[in-house]
Structure formats: structure tokens, C-alpha cells
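Below is one structure, written out as C-alpha cells; the observations come after it.
Computed from heavy atoms alone, side chains included, the values below leave out hydrogens, waters and symmetry copies. Given the structure is predicted, the values throughout are model-derived calculations rather than measurements. Every chain is numbered from 1 and lettered A, B, ... according to where its sequence line falls, protein lines coming before strand lines.
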4 protein chains.
Amino acid sequence: MNDGLAEAGERRVGWAARSMPVLQAIAAGFAEDRPLDGLRIAACLHVTAETAVLMGALKAGGAEISLAASNPLSTQDDVAAVLSEYGMAVHARAGVDRDTYYRHIHQTLDIAPQIVLDDGCDLVNILHTERTELLGDVAGGCEETTTGIIRLRQMAAEGALTFPMVAVNDTRTKRMFDNRYGTGQSTLDGIMRATNILLAGRTVVVAGFGFCGRGVAERAKGLGARVVVTEIDPVKALDASLQGYDVQPMSRAAEIGDVFVTVTGDRDVVRAEHLAVMKDGAILANAGHFDVEIDVRALEDMAQSVNFGVRPNTDEYVLDDGRRLLLLAEGRLVNLTAAEGHPAAVMDMSFSAQALAVSWLAREAARLSPGVYDVPPDIDVQVARLKLAAAGIVIDELTPEQEEYLHSWRVGS
Amino acid sequence: MNDGLAEAGERRVGWAARSMPVLQAIAAGFAEDRPLDGLRIAACLHVTAETAVLMGALKAGGAEISLAASNPLSTQDDVAAVLSEYGMAVHARAGVDRDTYYRHIHQTLDIAPQIVLDDGCDLVNILHTERTELLGDVAGGCEETTTGIIRLRQMAAEGALTFPMVAVNDTRTKRMFDNRYGTGQSTLDGIMRATNILLAGRTVVVAGFGFCGRGVAERAKGLGARVVVTEIDPVKALDASLQGYDVQPMSRAAEIGDVFVTVTGDRDVVRAEHLAVMKDGAILANAGHFDVEIDVRALEDMAQSVNFGVRPNTDEYVLDDGRRLLLLAEGRLVNLTAAEGHPAAVMDMSFSAQALAVSWLAREAARLSPGVYDVPPDIDVQVARLKLAAAGIVIDELTPEQEEYLHSWRVGS
Amino acid sequence: MNDGLAEAGERRVGWAARSMPVLQAIAAGFAEDRPLDGLRIAACLHVTAETAVLMGALKAGGAEISLAASNPLSTQDDVAAVLSEYGMAVHARAGVDRDTYYRHIHQTLDIAPQIVLDDGCDLVNILHTERTELLGDVAGGCEETTTGIIRLRQMAAEGALTFPMVAVNDTRTKRMFDNRYGTGQSTLDGIMRATNILLAGRTVVVAGFGFCGRGVAERAKGLGARVVVTEIDPVKALDASLQGYDVQPMSRAAEIGDVFVTVTGDRDVVRAEHLAVMKDGAILANAGHFDVEIDVRALEDMAQSVNFGVRPNTDEYVLDDGRRLLLLAEGRLVNLTAAEGHPAAVMDMSFSAQALAVSWLAREAARLSPGVYDVPPDIDVQVARLKLAAAGIVIDELTPEQEEYLHSWRVGS
Amino acid sequence: MNDGLAEAGERRVGWAARSMPVLQAIAAGFAEDRPLDGLRIAACLHVTAETAVLMGALKAGGAEISLAASNPLSTQDDVAAVLSEYGMAVHARAGVDRDTYYRHIHQTLDIAPQIVLDDGCDLVNILHTERTELLGDVAGGCEETTTGIIRLRQMAAEGALTFPMVAVNDTRTKRMFDNRYGTGQSTLDGIMRATNILLAGRTVVVAGFGFCGRGVAERAKGLGARVVVTEIDPVKALDASLQGYDVQPMSRAAEIGDVFVTVTGDRDVVRAEHLAVMKDGAILANAGHFDVEIDVRALEDMAQSVNFGVRPNTDEYVLDDGRRLLLLAEGRLVNLTAAEGHPAAVMDMSFSAQALAVSWLAREAARLSPGVYDVPPDIDVQVARLKLAAAGIVIDELTPEQEEYLHSWRVGS
């Protein structure tokens, strides 16, 4: 390992830690109580500075850790270097190919984990299909993403899941803050770094109006863009419309958009029929977990030629009719690839919930049957309370009379 | 009944009906299918034009209806007149005293209802305490408000509730649209009609950041105000802060606010200690269901004199130290009292859900044990779908490949 | 004059005065210095509570006042009553016909004014065409509106204007605050009072993107509407687009709008060709000074029948093809007719500038040749400074070093 | 010159050119008409891709060009390389020291310019103080920045300016678009690239509420921040307050801010007394032209140690009391240093105005006396019209009746 690399990593992790006061407070508590003493943890997460702070907290709690990357493009090599130096087994390198990616997950599993942390369900999937010999040791785990949760619920429904998994993604904290504010800002940040276009006055099409899509729409609007939303859920579509967004089917949005951001959790949201009608110069970015939301293969098929790297993380596809479509980050997560992913301040909340969930699993897993579990709600409240305190924000407490009023149904109008 | 009054009511109801295309579509279906044929319904709701459209839909479905007002101040007498003319038993008059208010509820219950519709739980409460002889006939009911649901859940927890109640308030449609957009706009509308103050540049304190509070905060901000939010829930407080609002405890907010809006569902949110430090000219308004959120008694105790009606729905309390505090609508619902309540377009959604929920209860109540039930989610989706259609908004449908992808967990990254 | 009316007027004026601290501070100074002692002033202004506070300030300065209404629909009769009681000659009554309107202006001019205050240039126009015998006495005057200024500049260009007129409308304070924030809020307020529609999710077309149009667009957006802007000036159109608004020609906007607001200062902005393609239920409102912006005659010609007063200030025009178009306030100023005009807080600024401009004219008019004059810029700054002080807002002062830096060009990079 | 460098420069300039359709249209016209045939132009501008497109347009018009950098930190070396290759004399390199910076300006002047283009007035200043022998040749010039205009007006007032200068900065297009939208977005972009902090929920203090400050405030708000504005002009301060911003003196803002952005055009806006009370972790950025707005010397004096480069373009100053203040881009233009300056789309407008102004000067300079001139207004309108056309936006044209109405003052109410 390169010394300069580890040093750069240390600086980067130190910077992130400043914006993660909640996780640092939890780490301090863990260092005292050692709730994870001797526990083997295998994690498949984006190998970033913020993840490093989480790993530090778990290690402070006594855990032995093995880490793989959940995405070949998001690994910060300097962070991997410093984590290795801290004594964790890190199997991650930026830009590896598919085979290496999966080999890294296998190597990570070699620790024979008792707790697993996953981000997209690849590690848990491999455990249940190719490393079934390790299943017996696993007490439980946590999953970070909506996409992963969908897969886990499906596994549970089919009876295939053999241990309890906590849906860290489904905390109020995660959905409200991480998904909305984190994805929102970092996606626009990625688009600006990749293209340096002026967003004011542009038409930005946001496909999907879940928490992430909402965040992307808000930030695009906040930067002066006109926002068009596409949805498949009538309730979300109606909500978007009442928030003042222009709701359109993708077939129509494709004709008017200057920038497209997919954030649906589904595949082929932008596909050949849409590419066929887009304006010259249209920009395509994906902020959903997997690189399936934009049909890149269709784009390749339609292109006469490709100019790779016309800007950093920007490839230009020249179509037969002369139109040029710009694909950012190869259709992978634009906020992680072209920018730096979620700011540490939001990761502070979701990773704090995760640290507390791991500690809860360490205590409770034995009592839980296989399945997908919500994070206990008091963890959420605890994280929010610590975050407010760190920001110097004071809120109200119920008076005894107010407490009583809320619990009484006998009071009339 | 006065003819001119009924005519004015008919015009008013006709106007509302234009903005309620979903409920009218449902009424048309009801008229054909008669799903409520012969059913006796007792309703305790705000007697407004939109309620009249709902009553019309239920009547079209075959129901026999008896109606009381859920708030002494919100009754539109002309609407009451026209409903009487349509053959419903209406027990409501604007501005009645407390005794008459409760007498009206009793008269309404005389129908011996099979289904009850409530808005704040007063009718259901009286049924369970003073009219227990009628409980045997009641198959089930619907409750409109958060406040009412809190009381019902408490009753259910204590084993006191004797029939199934559907929490109409808890639909996504109701919370997202009615609470957020309806309360938001109409509350600011009420404040403007009562005071005609310029909101730009004013500091508006919003107590409570639930869906209603969020809506009020958004509209106040949209009118150019600086918004301060007070909360007791750390997660909501954090969310408010991340949306750019200034989060403060009420003790501090009281010192800096120009306008105060309470929308918490709890009592004494603005109380003596806060009134003591407010600025001269501060305006106090309540948008929560009951008139308990501002401690009006404390205000009366502190006042040296009161100038009633310095503006419509605005009373001026002159304190010992010369400061003047302005109480809107006597601390009752400012959006209903000083303006016209929720615009018909939002009531369209919640009342459509309610109409469909009544129809569902008519079919299913026999199979349900006592307790609080969610509205079946497909009702929500059906309402949203009809609303989008009425607005001419087309949304996407999943392709078979997308449908399959969402149900598969075997696809990797 | 009716006693109760004057009492109601006094209450109304007292309410406005609370939100006009700057004008009250100026009135206090005037009462001491008597800068207008014995001066005869003829004013043609909207006879509202705020105007009454201005009249009070001028009277405090020693002026003798005669007042007519600048718009037949905006007169508040109770305010007229209380002003009469205060000893001013008031010639105004709500809802008078065209002949009476002009007769009132003539009566007002009978005072043989030395200073004139105008709002739309009707009084000055009559002076120069029908009452030329009075021109000799007139030292100068003030004009309130953009429309009036356009007419005055035209008169000046043709050599027809015989005395100096101060373009009160052209102060930064007036354009930025009165036009933008005052017209913005009160126009939407008027639309809500007239129709009680939900604005969230509606498409609001704003014709004209001057300061007034900008204000209307901001408030419509702030209430959750999608805003379409029409313009004829490329620079303003581009600005609107970069602020995220959808810029369209009226021919296209007419097809997609739910609500139309004209605020251009020009005629026939909405005309037959646009009415022909509007959606059923479209709402038409004017916020420009004159009632010429919507071609009401074309609407009448196209209508098969008209239902007057389907809501307060709302008339329904039923067209041959069954579409129903809703005209608010007969196409006159919707914010004055359906709501209460600008909130006192903004009028405080423009009327304070006007009071100081009258005082400046009293001193300087003799030295000025006929023409249109800007308000001296220090009046603007003085008004803003007083307003900030009244709001308790403290701002920075330049340090001597900063002052020097701004005046030096020798400092390099 | 390095071949790879020129190639990278060509790619970068090509990218910018795509977003500059107006300037490209003008260049095409220039290539045909050759309005600058044989003219010697010396320019002192930020050497960026957008400037290169402008230089290309002038060269297409027939000019001979010599170019220096107007800021030592903003030069893109690859752009300099490609311009050299295109046959222009380029005297610019990233990161040069003060002496080299001025030497470059001198070398640029060696062309003996007939037209000068300046950005901050350094070149014009040197011409008038150290290179007076060249003054005789200079027919006129253009100045880009507010700061430069202030210096030029001072020179003109003192009779020191010897030729006409066009205030390109004072076009509506420049102030509205370049200053507001360009500085707004790129400043926030720079802060995000330098720090990757989450802006949602942070308190951002914007010093100065001119067009640039307004843009910064809007974008900060649009990213979820609470914005505090400081000002010295009462009218601008009031405007900020009415737009919903919290207006405070810097002494108070310093205590509550998380991020500070200076954009005033004056020195020492953030100085020792403010640094003394800031929170640990406060971030300091300048978006004003010169690096004098944050008193960096005071910061250095107060610091016990400095950690340079804790993030790219971020230095950490550790104070005696342990507080850490983070200075971005050494107090120089954060949008140019930490991001890429204004997006090409806004530069398109101001540089198009500049190209047309140079062409106008070439025709008219002989008829102009020394002084500061506005850009002729039709240039502004022409630029806006071309930009709308490029964006596919159609706007209305006045009908003959509307045209006539605007020019007639005889029409009454």
C-alpha cells in the first residue's frame, strides 16, 4: 500500500468525520461499552470516507471487519488504503471489472461473518446462492438501499432468506434525509461537475418521485430549472403535480427535456423509443442504484459513433440523424461517479442508524426469525435528537398537560 | 326555511361540485349501483358546500342521511338550507352555543345510524357515552381528522370502541393533499382575509410540522414570509431544518414572530409564558382542529381590554404593558372561520375516499371486529387515478419487463 | 353621511395606519414643520384606508385637500365618510357610472389646485383638455402608476404638459415593493376570495413580466401553481425563462392555462383568438390599471349567456360550444375589487415617497420646467431607512476604509 | 507548447461553444462582414474556454488579438495553449505571481491596441499610468465588471480617462443573467466542489445584495440553506427582507453563519471583529471580483497554524481558541477557482454583447469623447432575441392596436 495514498485517505476521512458528529458520539459510546466485542462483520458498501467513519465506529465497538465495494466505480482508493492501515480487511479498488468485483465480495465473505452489511443485496445474494456453507454463522444484517430491500422482501416471500435483515433504508431518517437531501444535492452536483451547464432555464426531467426523485426535483428547481416529473404511481404523480411540477409520460417528456435523471429503481426507464425523440444535446444521467435505468445498450445500438470523455464523466453518442446525446457516468450513479456521493452530513444520519442497528442486532438477533425488519423507531428518534443537538437546535418538550391531552379521548370540542 | 337561502346554497354547492370531478364520477356510479340502498347514515361534519356534494353522492347511492355540524362556527346556513330541501335531516346552524351544538348531535343520532361519519370524534364519543342504546345498530364508520383518530385509537386501546372505524384521515390522499395543500392555502387565505397584512418579510411561526404544518409553512414561505417552525418530534424538527426553516423552541419563537399559526393537535401550544414576550401587534391564529391550541383564557386573563372586531374575525387584546395581540377567529380554525375552508378541489379527494370507504364498509363491516382500520390502499390509488384523469394528466405504465424486474431479486449490479 | 359608516371607516383607517409606521413618522414631522401650509391639493386616487392615511399626513402638513376616486369600483364608502368628517372635500362613491366618475373629478378640481396627485392620469388629462382655466395655478404634481407615466411622457413629448410631474411610480421603493409585493399578494388574494379555488397544481398564465407581473408570478408559484409567462420584451422573456418559468406566446398559453392574469399596461392582451381556444372553466383576471387588458367585449360577443355572480365578483360566460369562461371583477383590477388592494404595509412605502415628494415639490416646483421628473433618490433611501427601523432591522454602515476603497480606482488586483 | 494541452483546450473550447449559440451566430456574421478588419485588440480577461469563443468571434471579424489573464488563478492553461495555436498572442499561465501577472499585461499591451477589453480595469489602469505612450492609439474599449466600472467612473470624474469605455457590465443582459444566474450557480458549485458539504439546513450568509448577491442567495436557498443577507444600502436591504431573507448586520451574522459568501465589490467585509465570533468550522468564500472582501491578513494574524489543502481549494486556519475557520480559494473568486466560472450559457450573453459592442466601437469610437458609455440598448435586445430563438422560445409581438395604445395618452379609464 502506498503511503501517500493512505495519508490522502486519512485527510479525506478526517474531513468527513467533522460533518458526522452523531456517528462520532456513537463511536465514543461504543468504545466504552464494546457492544460488538469479537463480532465478525462482512460489509459490502460504497468504499468512501463516510463508510470509513462507520467502519471506525464498529471497530471501536469491538468488531472484526472485512469490507468489499458495492459498486466498482465508487471506491475511493485512498480511503481503502487508510482502512487497510487501520487493520481492516479491505477488498476494493476503483474501476475493477465485473469478475474482480464479485471476487472481492467472495474474499470479504471469507471472514465467515456473523453480521453482514449490504448495499444493493449483492453480498446477501451471493451468500444464499454461492456461499451457502457460511449461512449457519450469520446472525443477521442490514441493507442500505430501496433496491436491496425489494430483493430481500422477495427472497423472504419465497422463503429463501435464512436470517433477519434490518431495512436500514426504511428509517424515517434515511428516507427523509439521506434519500431526499443527500441524493438531491449530490445528483445535481454530479451533473454540474460533469457538464458545467447552466441549469437555470433548462428543462430537467426527473423519472421517479420517491424520496430520491423528490430531492432531485427540489434541487433542480432550486437551481432555476423547469422540472418535469414522470411516474407510474398515481398518488405520487398527483403529489408532484400539486407541488407545481409538470407531470408527463416519458414519451412526451423525452421530447422537451434538456436533462434527464432516472431515479426509479426499475430498468429501461429511458429506452430506445425515448432516445429516438430527444433533442440534440440532451443529457442523460442516472441516480438510481443500478445502471439499468437508462438503456445504454439501446443508446449504443443507435449511435453512429461515440466520443468518450468530451467532458469528465461525459460521453457523447452521435446518432444517425446527427443528434448528439450525452451520457453521464456511463449510466451509473451520477452522484457517486461524477461527484462525491452523499455529503458526510447526511451519511452521518443513515450510518448512525446503521451502527445502532448493528448493536441492536448483536443483542436481539437470536430472538428474531428470518425476514425483513424495520429499524426500531427509537433508533430513529435517537439519531435525530443527536443531530439536532450537534446543530445547536433546541426543540420543545410536551408539558404534562399536553402529554395528558394527547392520551385522552374524553375532551370535546 | 328561506327560499333565497336555499337558492344561494344551491349556487354554492354547484360551484363546489365543479371542482369535484372525482366525487361526481363516483356519485354517477353510485346512482347506478345503489351500494348504500336503505342504509341509515349519521354524519357530524363541517356543513359546507363540499360536504353537501359528498352527502349527495351517498344519497345517490341509496342512503338515508342525517347531518350535524362538527364545528359551531363553520356551518354555511345556505348549504344547510339546500340539503334540507334535498330531503336530508340537517341539524346545523352557524354560531350556535355549546348546548345547541351537542343537542344537534343527539338529534342527528336519532336516525339510529348503521354507518357514522365523524370529524373530530364528538359524535362517536357521545354514542359511546350518552347514546349507548344505539350502539347495537352501528356497523361501522369513518373519521376525518388526525385528532379524531388519536381519540379513537385511545378508545380502541381501552377496549371502549364497539365497532370498526375507518381512519379516512390516514389515506395518502388525505394526508398529502387535503392536509398539506388544503390546510396550507386556506389557512393563509384566512389570515389575509382577516387582516389584509402583507406577508412578505414577516416572520411566521408555524407550531407543528405534520402534514398540515408543512402545508402552512410552504404557503407562508411562498408568500414571502420567513418561517420559524416549532416541534416536539426530533425527526420532524430535523426535517424542517433541512428544508431551510428556522427551527426554534416556542419560548424563542414567541419573541420574534409577527404571525403565529398553531397546527399541532395538542393544547396550550401558545400559552401565558409565550404571550408575555410577544411583540406588539403579533397575530395569533389556529389551524388545528380544536380551539385549544392557543390558550385563549390566558390571553383574556392578561388583557386589560379587548377590542372585538377591529377587522372581520380579528379581536385585539390590549395587555397591561400596552402591547396589543390580535386573535383571529377566537382561536378556532382560522381557515374555516375567516376563509372558506379547504378548496373543493382537495375535498374532492378526501371525500371521494370517504364515499368509497362507506361503500366498502357497507360490504365488509360484518367481517370486521371493532378497531381503527386504514382505508384499503386501492381506494387511494383509485381516487388519485380519477383525479389525474380529470386534470388531463397522463402517466407512465410499467412495461412487462419493468414489472418483472421489480419482482425479481436475482438481477445483480 | 352615515355615522356608523364613518365609524367603520375610522376603524378601517386605524387598522391601516398600524401597518404604516413610515408615513406616520412623516406625518408627525409634517405636523411640526407644516411644509404644506395653505397649499391646495387635488387628488384622484383609490379612496381606500391607506390613501386616507396619506391624506391625513398631507393635512397634518397644512394642506387643504380635495379628493376624487381614480376608479369607480375601488372606493371604500366608509373611508370616504370618515375623510369627509375630517374636513376634506371627498367626491367618491363606490360603483358610480362613468358620468358620475368624471363629474367627481371635475368637482375635485374646483378647489383650483396648486398640487395634483394622480393615479392613471385622468385628472391631469381633464385639467389639460377640459379645465385649462385652472392650469395657471398648478405648480406641479405626482403620478402613481406606470400607465399614467406613459401617458405623461407622451404629453411631455408632444409639448402638451404644462407643469412638472413627479413619477412616484418610478422610485425603486414603489417598483420593487408596491408593484412586486403588493400587486403580487393582493392579486392572488383577490382570485382566492372570488373563486376559492386551489392554486396548487393549476396552470396560471401571467401576461407581462414587469415588476407587477413578476410579483404575481412569484406568488402564484408560491401557492403551488405552474406558471406560464407571456411577454413582448425579449429581455424580460429571457429573464422569466431563466427564473424557471415556462415562457410561451399567448396563443399557446391560452390552450393550457387554468387561470389568466393580465398585467401588461396594454390592451387586448387576452382577445377573441385566445378565448376561442381556452379550456372549459378557465378563469380570467386583470391586475393591470385599466380594464382594457382582457377584451371583455369579445367575450360578451362570444357568449350565449352570462351567469352573473356565480361567486362574488365572478361572472360565468357560457359560450356556444358549451365552454364556460369565468371573468373576475368585470375585467377591472382584481386585487382592488375582489380583495382589498395593496396591503397597508406596501402602501406605506409608496405613499411615504409621495408625501415627501409633495413636500419637495412645495419647495422646488418653482425652479422646475414642465416635464416628468424622477423622485429625488434620497427620498427613496429615506423611506427605506425608516421602514427598516420600524421593522427592527439593523444593517451595516461602510467603514471609512470601505468608503475610501469605493472611491479609489488606484487599488489593483 | 504542449500538443496534448492544446488538444485538451480544443475539446474544452468546443464544449463551451455548444452552449454559446448566440456568440456563434454573431461570429458567423462577423466572418462574412469583417467589421474588425485589421483592428488590434488587447484583452485582459479570464482565460477560459468561453473567452476563447469570444476571441474566436473577434478574430473571425478580422481583428488581431493579444490576450492577458485578468486573474492569476483563473487561467485554463489548455485554453491558453489552443489560442496560441490559433495565432493569438497569449500571455497567461495559471498560478503566476504578482510580478508575472503585471508583466503579462505589459506584454499584451505591446500590440499597441486600438481597442481594449478589460475585466477589473487593471489593463486600462496600467495604460494610463505606466504605458501612457500607447494612449494615442486607443480608440476605445469595453469593461466587464462592476468593480472595473466603479474605477472607470472615478477616473472619468477626475478627467483621467482618455478614451471612451463601454460598460459591458451594465447591460440588462449582463446584470440579469451573467451576474445573477452565472455567479449564483457557479459560486455554490465552487463551494460544493471545495467542501462537499450538505447545504440543506446550513445558514449561508451572503454579504451584498446586488445582482450577484441576489443570485448567490437564490441558489443557496434553492439548495435548502437558510440565507442571511448583509447590506449597506437600505433599499436593497429592504428588498432582501421582503423576499424572505433574514437581514442582519455582519456583526450578528458572523455569530450564526455556517458559510459566508462576500459579493459586495468592497474590502474587508469580513474582518477581524467578525472572525473573532464565528463558529468552529465556519467556511469563508469570496465571489467578488478582487480578493479584498475577506480580510485574509487578519485571518492569518489570528491563526495559530494553517492546514493548507484539507480539501481542494480549502485551507484550515486554526485559531488560538481552537476554533477552525476554512478559507476557500485563498479568498479569491471561489466560482472561478474552485469551480469553472460562469457556465458557457451565461457567458454567451455577456460575450455576445461584448462582441457587438466592439463592432459598434469600431464604427462609432471616433465620434465619442472620453467617458463611460452604456451599451446601446438595441444590442441587449438583439442578444436576448437570439438567445430565445436558440432555446426555441417564441414570444408575443404587439398588435398594431396595442402599439398605438402604448403611444396614446388620450384613452381614459
Side-chain angles (χ1 to χ4, degrees), chain B residues 8 11-12 14-16 18-19 21 49-50 177-178 180-182 184-186 188-190 192-193 195-203 215 218-225 256 258 279-281 307 309-311 314 316 324 326 339-349 387 391-393, chain C residues 8 11-12 14-16 18-19 21 49-50 177-178 180-182 184-186 188-190 192-193 195-203 215 218-225 256 258 279-281 307 309-311 314 316 324 326 339-349 387 391-393:
Chain B
R11 202 160 48 232
R12 197 199 282 261
W15 178 262
R18 288 176 196 222
S19 295
E50 293 78 21
F177 307 135
D178 193 302
R180 180 166 173 188
Y181 305 109
Q185 176 176 311
S186 60
L188 273 298
D189 188 7
M192 286 192 284
R193 294 197 202 193
T195 66
N196 202 40
I197 61 160
L198 181 74
L199 283 153
R202 302 281 172 122
T203 298
E218 283 171 344
R219 291 303 164 249
K221 186 180 181 181
L223 286 160
I256 57 179
D258 295 308
K279 296 195 284 192
D280 179 37
N307 299 314
V310 289
R311 283 269 310 178
T314 306
E316 176 185 70
R324 297 161 299 180
L326 297 154
E340 302 173 54
H342 290 174
V346 273
M347 300 311 293
D348 189 27
M349 292 183 270
K387 191 77 180 181
I393 295 173
Chain C
R11 201 159 50 231
R12 197 199 281 260
W15 178 262
R18 289 174 194 223
S19 294
E50 294 77 21
F177 306 136
D178 194 302
R180 180 168 173 187
Y181 304 110
Q185 177 176 311
S186 60
L188 272 298
D189 188 7
M192 286 192 284
R193 295 196 202 193
T195 65
N196 202 40
I197 60 159
L198 181 74
L199 283 153
R202 300 282 172 123
T203 298
E218 283 172 345
R219 290 304 164 248
K221 186 180 180 180
L223 286 160
I256 58 180
D258 295 308
K279 296 195 284 192
D280 179 39
N307 299 313
V310 289
R311 283 268 310 177
T314 306
E316 178 184 68
R324 296 161 301 178
L326 297 153
E340 302 173 53
H342 290 173
V346 274
M347 300 312 293
D348 190 26
M349 291 183 268
K387 192 77 181 180
I393 295 173

| query | Nearest 0.5 Å, what's the CG-OG distance between C/Asn196 and B/Ser186? | reply |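 So the CG of C/Asn196 and the OG of B/Ser186 are separated by 8.0 Å.
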Looking only at non-hydrogen atoms, find the nearest pair between [X] and [Y] and report the distance.
X	Y	answer
B/Arg18	C/Leu326	NH1-CD2, 4.0 Å
B/Ser19	C/Arg202	OG-NH2, 4.2 Å
B/Val310	C/Trp15	CG2-CZ3, 3.8 Å
C/Ala200	B/Arg219	CB-NH2, 3.8 Å

| task | Go through the structure and list residues passing side chain to side chain donor-acceptor pair (under 3.5 Å) with C/Glu340, not counting sequence neighbours. | result |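 B/Arg311, C/Arg193.
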| query | Looking at B/Leu223, B/Asp189, B/Val346, which makes the most heavy-atom pairs under 4.5 Å with chain C? | reply |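 Between B/Leu223, B/Asp189, B/Val346, the count favours B/Leu223.
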| When heavy-atom pairs shorter than 4.5 Å are enumerated against chain C, which of B/Leu188, B/Asn307, B/Leu199 gives the highest number? |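 Among B/Leu188, B/Asn307, B/Leu199, the one with the most close pairs to chain C is B/Leu199.
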| query | chain B: which of C/Glu316, C/Lys279, C/Arg12 shares the most heavy-atom pairs with it under 4.5 Å? | reply |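 Option with the top pair count is C/Glu316.
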